[in-house]
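In what follows, a single structure is set out as structure tokens and then discussed.
One-based numbering, in listed order, for ligands and for the atoms of each.
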Amino acid sequence: MSITQVSATKAFGGWHKQFSHQSDATSCEMRFAIFLPPQAQHQSVPVLYWLSGLTCTDENFMQKAAAFKVAAQLGIAIVAPDTSPRGDNVPDDDNHAYDFGLGAGFYLNATQPPFNQHYRMYDYVVNELPSVIEANFGVNQQRAISGHSMGGHGALSIAFKNLDKYSSVSAFSPICQPTTCPWGQKAFSGYLGQDKQSWLQYDSSALITQLTDSNKHIPALVDQGSDDNFLAEQLNPQALVAAAKTVNYPLELRIQPGYDHSYFFISSFIEDHLHFHAANFKA
Ligand SMILES: N[C@@H](CCC(=O)N[C@@H](CS)C(=O)NCC(=O)O)C(=O)O
């Protein structure tokens, strides 16, 4: 699995780099970004996987989240994949809507044509990308996962389906119950079809209720701005909290007064999330 460097920029004693590679999971070329802290030059470091939201690429988090200073202090690499497959052969929403198709892969494996060939972001994020990262960079197999909005849904649902692969999970303004909100219903019906039973395998509020073995729980932190314009219609953190309570899952929801849905919010609390993940990596 060869990867091609697209850019390399020094930051906080470490490096921000972008790479492209041919993906088996999505059957197209994928680009990802990685921040390598200074420690990665002489020891293997843990990795935080960051999943971005609707309309994003690998660039939004890296340019706007202000995460590098603390990641460099803590010795954490950060990997940000794209939010969907891309390229001329990859089908998009008929109307090029921002919430379906390109830039809106929802971190699932599509089953419905014409999306099922390329829209396999679940396999890409869970399996292929960590293999690529662990084969090519000075990282170890300690992983955490986080994300924003659609990417918060991705981080939570992926973690809840793979508790053995991650030591902690966090999210900013996640879509907590995609089966009941407009963004999720549009995406899931397009990618997965009309059988709503099949949607539940990617719904964090449904998935968490199956996690009855408390020995396997990994810590989960969710930050949500109170003035997020998508909160009422799309995000429903209370559903996730209520579901978590049914199995005593250790999930902390913090409502942050006055904050909105933007990267201004993410950059205000990303340090907390990095410290949270660092504390849960094994020494
Ligand atoms: N109002 C936005 C909705 C999309 C949006 O808010 N995207 C969030 C994630 S759900 C984002 O991170 N946008 C990119 C950025 O702020 O850099 C649009 O129509 O483009």
Side-chain angles (χ1 to χ4, degrees), residues 7 9 11 16 18 31-35 48-68 78-86 92-108 119 121-122 125 145-158 169-188 190-191 202-205 221-237 239-240 253 255-256 258-274:
S7 74
T9 311
H16 171 269
Q18 292 169 297
R31 194 174 73 183
F32 66 83
I34 184 166
F35 174 71
L48 173 65
Y49 288 87
W50 172 267
L51 306 182
S52 288
L54 294 166
T55 74
C56 292
T57 66
D58 65 286
E59 294 186 335
N60 301 67
F61 178 85
M62 293 299 189
Q63 294 178 1
K64 295 166 108 175
F68 295 166
I78 305 174
V79 171
D82 205 343
T83 53
S84 76
R86 306 262 179 192
D92 192 10
D93 179 81
D94 286 343
N95 302 313
H96 304 290
Y98 78 95
D99 55 1
F100 188 81
L102 299 180
F106 272 83
Y107 306 102
L108 49 71
Y119 284 79
M121 290 299 289
Y122 178 85
V125 169
I145 191 163
S146 185
H148 172 224
S149 194
M150 173 184 73
H153 138 73
L156 293 168
S157 59
I158 284 173
V169 57
S170 73
F172 291 84
S173 1
I175 304 171
C176 291
Q177 196 175 43
T179 55
T180 63
C181 74
W183 277 342
Q185 290 175 333
K186 177 177 179 180
F188 286 12
Y191 293 132
Y202 298 111
D203 183 308
S204 298
S205 297
L221 172 65
V222 174
D223 268 325
Q224 173 63 58
S226 69
D227 287 15
D228 183 329
N229 52 332
F230 297 115
L231 177 54
E233 193 182 14
Q234 306 281 9
L235 305 177
N236 205 352
L240 182 66
L253 168 67
I255 301 293
Q256 304 290 3
Y259 288 89
D260 67 11
H261 196 68
S262 71
Y263 270 88
F264 291 108
F265 169 50
I266 296 170
S267 61
S268 300
F269 296 98
I270 192 65
E271 292 188 15
D272 285 5
H273 287 236
L274 288 163

- Message: Take a 6.0 Å sphere around OH of Tyr98 and say whether it holds more than 12 heavy atoms from other residues, nucleotides or ligands.
- Response: yes
Are [X] and [Y], when compared by the centres of their aromatic rings, separated by less than 6.0 Å?
| X | Y | result |
| --- | --- | --- |
| Trp183 | Phe230 | yes |
| Phe265 | Phe172 | yes |
| Tyr107 | Tyr122 | no |

- Query: Under 3.5 Å, side chain of Asp272 to main-chain N/O of Phe269, donor-acceptor pair present?
  - Reply: no
Could you pull out every N or O of ligand 1 that sits under 3.5 Å from a protein N or O, with the distance for each pair?
unit_1   : atom_1 : unit_2 : atom_2 : d
ligand 1 : 7 (N)  : Leu54  : O      : 3.0
ligand 1 : 16 (O) : Lys64  : NZ     : 3.4
ligand 1 : 17 (O) : Asn60  : ND2    : 2.8
ligand 1 : 17 (O) : Lys64  : NZ     : 2.6

- Using distance alone, with no hydrogens and no angle criterion, decide if Ser170 and His273 have a side-chain donor and acceptor under 3.5 Å apart.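 Ser170 vs His273: donor-acceptor pair found between side chains.
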